[in-house]
Engineer: 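Pasting a structure here, questions to come.
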Amino acid sequence: MRSVTYSMNVSLDGYIVGPDGDFDWTGPDEDVFRFWIDEIRDVGVHLLGRRLYETMLYWETADQDPSLDEAEHEWAALWNPLPKVVFSTTLSTVQGHARLASGSVAEEIERLRAEPGEGEIAIGGATLAAEAAGAGLIDEYRTMVYPVLVGGGIPFFPRHERRVDLELVETRTFSSRVVYLRYRVAR
């Protein structure tokens with residue numbers, strides 16, 4: 001069965017964006033960006049909420065930007081053809097290899113797991129991940145923890161989550177002091 005992973009950058013105090021909606025502190029250095037490139041290779045489909053989808057729209061045409069470096073071109077080449085499912089009640093259309101979800105996150109994940117396909121089902125966006133977590137559908141939590149306290153904003157983890165026991169699978173510390181933590185849900 002295809003695993004469901006939730007991966008995002010997070011501040012040390014647990015937020016994916018600060019209280020003003022800013023996430024400029026998440027700019028990856030070369031090593032962290034290379035890590036994300038390697039991670040996306042294992043993804044078969046990416047589920048996104050509207051805000052993250054709109055943030056990632058940049059990559060739909062970024063490969064035409066002559067100022068992109070080699071790693072950014074590589075990311076765009078992997079991201080653009082990747083199937084994406086966007087959950088939104090306000091969007092009526094999406095671009096590229098994306099489609100609007102027609103059901104709930106749980107229904108979409110079950111449908112994707114039942115279809116033939118390879119690669120992980122990745123979730124991006126805290127609101128979307130909270131819904132999947134509430135249904136017990138996340139298999140792994142992956143955080144890229146940045147050495148900053150932002151004091152509030154959108155939390156990586158939902159605040160009223162049930163207890164979930166985790167097994168540490170992997171850690172990595174980058175020269176930029178960013179720490180990657182990968183946990184598998186203990187079942």
Side-chain angles (χ1 to χ4, degrees), residues 2-49 51-84 96-98 118-129 132-133 138-157 164 166-185:
R2 296 168 80 178
S3 64
V4 177
T5 62
Y6 171 36
S7 304
M8 291 198 75
N9 297 324
V10 62
S11 64
L12 183 60
D13 55 348
Y15 297 95
I16 62 170
V17 298
D20 57 359
D22 193 22
F23 56 93
D24 62 349
W25 45 270
T26 65
D29 67 10
E30 186 177 328
D31 290 338
V32 171
F33 194 64
R34 174 62 49 199
F35 181 86
W36 284 124
I37 290 170
D38 292 341
E39 285 284 298
I40 201 72
R41 293 179 197 284
D42 294 330
V43 173
V45 61
H46 208 294
L47 311 182
L48 302 98
R51 285 186 297 251
L52 183 58
Y53 166 74
E54 288 175 339
T55 299
M56 296 301 288
L57 272 176
Y58 165 79
W59 293 103
E60 292 297 323
T61 57
D63 59 348
Q64 299 165 21
D65 182 347
S67 69
L68 253 57
D69 64 26
E70 182 180 324
E72 291 167 322
H73 276 287
E74 187 175 355
W75 171 266
L78 293 166
W79 179 258
N80 286 345
L82 182 66
K84 299 163 201 78
H97 286 90
E118 295 184 18
E120 300 165 351
I121 300 168
I123 295 179
T127 303
L128 194 60
I138 295 181
D139 299 303
E140 286 192 7
Y141 291 89
R142 300 174 183 177
T143 61
M144 195 66 76
V145 182
Y146 280 74
V148 61
L149 302 174
V150 298
I154 298 175
F156 179 86
F157 294 105
V164 178
L166 305 171
E167 300 168 353
L168 181 63
V169 176
E170 181 181 0
T171 64
R172 181 172 172 185
T173 302
F174 295 88
S175 61
S176 59
R177 301 171 300 140
V178 172
V179 177
Y180 173 70
L181 300 170
R182 178 179 167 203
Y183 288 94
R184 182 176 301 126
V185 173

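Numbering starts at 1 and runs along the sequence shown. A quick note: this is a predicted structure, and the numbers were derived from the prediction, not measured.
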Engineer: Can you tell if the side chain of Asn9 reaches within under 4.5 Å of the side chain of Trp36, non-hydrogen atoms only?
Structural biologist: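 When only atoms from C-beta onward are counted, Trp36 and Asn9 do touch, with a gap below 4.5 Å.
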
Engineer: Locate the shortest heavy-atom distance separating Gly49 from Leu128; write the atom from each residue and the value.
Structural biologist: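 The pair with the smallest heavy-atom distance is N-CD2, 3.6 Å.
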
Engineer: Grab the two heavy atoms, one from Asp63 and one from Ala76, that are nearest each other, plus how far apart they are.
Structural biologist: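 Heavy-atom minimum between the residues: CB-CB, 4.2 Å.
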
Engineer: Indicate the atoms forming the closest heavy-atom contact of Ala62 with Leu68, along with that distance.
Structural biologist: O-CD2, 3.1 Å

Engineer: With side chains defined as the heavy atoms from C-beta onward, is the minimum distance between Val169 and Tyr183 less than 4.5 Å?
Structural biologist: no

Engineer: Start with the C-alpha distance between Phe33 and Asp38, add both sets of side-chain angles, then the distance that settles side chain to side chain contact (heavy atoms under 4.5 Å, CB included), and finish with yes or no.
Structural biologist: CA-CA 9 Å; Phe33 194 64; Asp38 292 341; over 6 Å; no

Engineer: With side chain to side chain contact (heavy atoms under 4.5 Å, CB included) as the test, would you mind laying out the steps for Val164 and Leu166 before giving the verdict?
Structural biologist: CA-CA 6 Å; Val164 178; Leu166 305 171; 3.8 Å; yes

Engineer: Strictly distance-based, threshold 3.5 Å: is any side-chain N or O of Asp42 a donor or acceptor partner for the main-chain N or O of Gly119?
Structural biologist: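 Not confirmed, Asp42 side chain does not pair with Gly119 backbone.
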
Engineer: Got a second to check how far Thr5's OG1 is from Arg184's CZ, nearest 0.5 Å?
Structural biologist: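 Spacing of OG1 (Thr5) from CZ (Arg184) equals 12.0 Å.
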
Engineer: Hey, does Tyr180 have a side-chain heavy atom less than 4.5 Å from the side chain of Thr143?
Structural biologist: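 Sidechains of Tyr180 and Thr143: no contact.
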
Engineer: Contact between Pro83 and His97 at the side-chain level, heavy atoms closer than 4.5 Å - yes or no?
Structural biologist: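 Counting from C-beta outward, Pro83 and His97 never come under 4.5 Å.
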
Engineer: Would you say the side-chain atoms of Asp13 pair up with the backbone N or O of Gly151, donor to acceptor, closer than 3.5 Å?
Structural biologist: yes

Engineer: Between Tyr146 (side chain only) and Val179 (backbone N and O only), is there a donor and an acceptor less than 3.5 Å apart?
Structural biologist: no

Engineer: Mind checking whether Tyr15 and Phe23 have ring centres under 6.0 Å apart?
Structural biologist: no

Engineer: Atom OG in Ser11, atom CE in Met144: separation rounded to 0.5 Å?
Structural biologist: 14.5 Å

Engineer: Begin with the C-alpha distance, continue with both residues' side-chain angles, and end with the deciding distance and a verdict on side chain to side chain contact (heavy atoms under 4.5 Å, CB included) for Val185 and Tyr141.
Structural biologist: CA-CA 8 Å; Val185 173; Tyr141 291 89; 3.8 Å; yes

Engineer: Are the side chains of Ile123 and Val4 in contact, using a 4.5 Å heavy-atom criterion?
Structural biologist: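 Yes - at least one pair of side-chain heavy atoms lies under 4.5 Å apart.
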
Engineer: May I ask you to decide if Glu118's main-chain N or O and Arg2's side chain share a donor-acceptor pair within less than 3.5 Å?
Structural biologist: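 Here the side-chain-to-backbone pair exists.
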
Engineer: Is there side-chain contact between Val17 and Asp22, with at least one heavy-atom pair below 4.5 Å?
Structural biologist: no

Engineer: Are the charged groups of Glu74 and Arg34 less than 4.0 angstrom apart, N to O?
Structural biologist: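 Yes.
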
Engineer: Has Glu72 got a side-chain atom pairing as donor or acceptor with Asp69's backbone, closer than 3.5 angstrom?
Structural biologist: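 Present.
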
Engineer: Do Leu82 and Val45 have side-chain heavy atoms sitting under 4.5 Å apart?
Structural biologist: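 No; the side chains remain at least 4.5 Å from each other.
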
Engineer: Quick check: are there more than 12 heavy atoms from other residues, nucleotides or ligands sitting under 6.0 Å from CD of Glu167?
Structural biologist: yes

Engineer: What pair of heavy atoms forms the shortest contact from Gly18 to Val150, and how long is it?
Structural biologist: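 So the two residues come closest at CA-CG2, 3.9 Å.
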
Engineer: Answer with yes or no whether the side chains of Asp29 and Ser176 bring together a donor and an acceptor at under 3.5 Å.
Structural biologist: yes

Engineer: Can you find a heavy atom in the side chain of Met56 that is under 4.5 Å from one in the side chain of Trp79?
Structural biologist: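 A side-chain contact under 4.5 Å exists here.
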
Engineer: Check this for me, if you would: do Arg142 and Glu140 make a salt bridge, where the nitrogen-to-carboxylate-oxygen distance has to be below 4.0 angstrom?
Structural biologist: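 Salt bridge between Arg142 and Glu140, a charged N being under 4.0 Å from a carboxylate O: yes.
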
Engineer: Where is the tightest heavy-atom contact between Ala126 and Ile16, given as atom of each residue plus distance?
Structural biologist: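 Minimum heavy-atom contact is CB-CD1, 3.6 Å.
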
Engineer: Nearest 0.5 Å, what's the CG-OG1 distance between Asn80 and Thr61?
Structural biologist: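 Answer for the CG-OG1 pair, Asn80 versus Thr61, is 8.5 Å.
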
Engineer: For residues Ser3 and Asp139, report the shortest heavy-atom separation together with the two atoms involved.
Structural biologist: CA-OD2, 3.2 Å

Engineer: Please report the C-alpha distance between His46 and Ile40 in whole Å, then the side-chain angles of each, then the deciding distance to 0.1 Å, and finally whether the side chain to side chain contact (heavy atoms under 4.5 Å, CB included) criterion is met.
Structural biologist: CA-CA 9 Å; His46 208 294; Ile40 201 72; 4.2 Å; yes

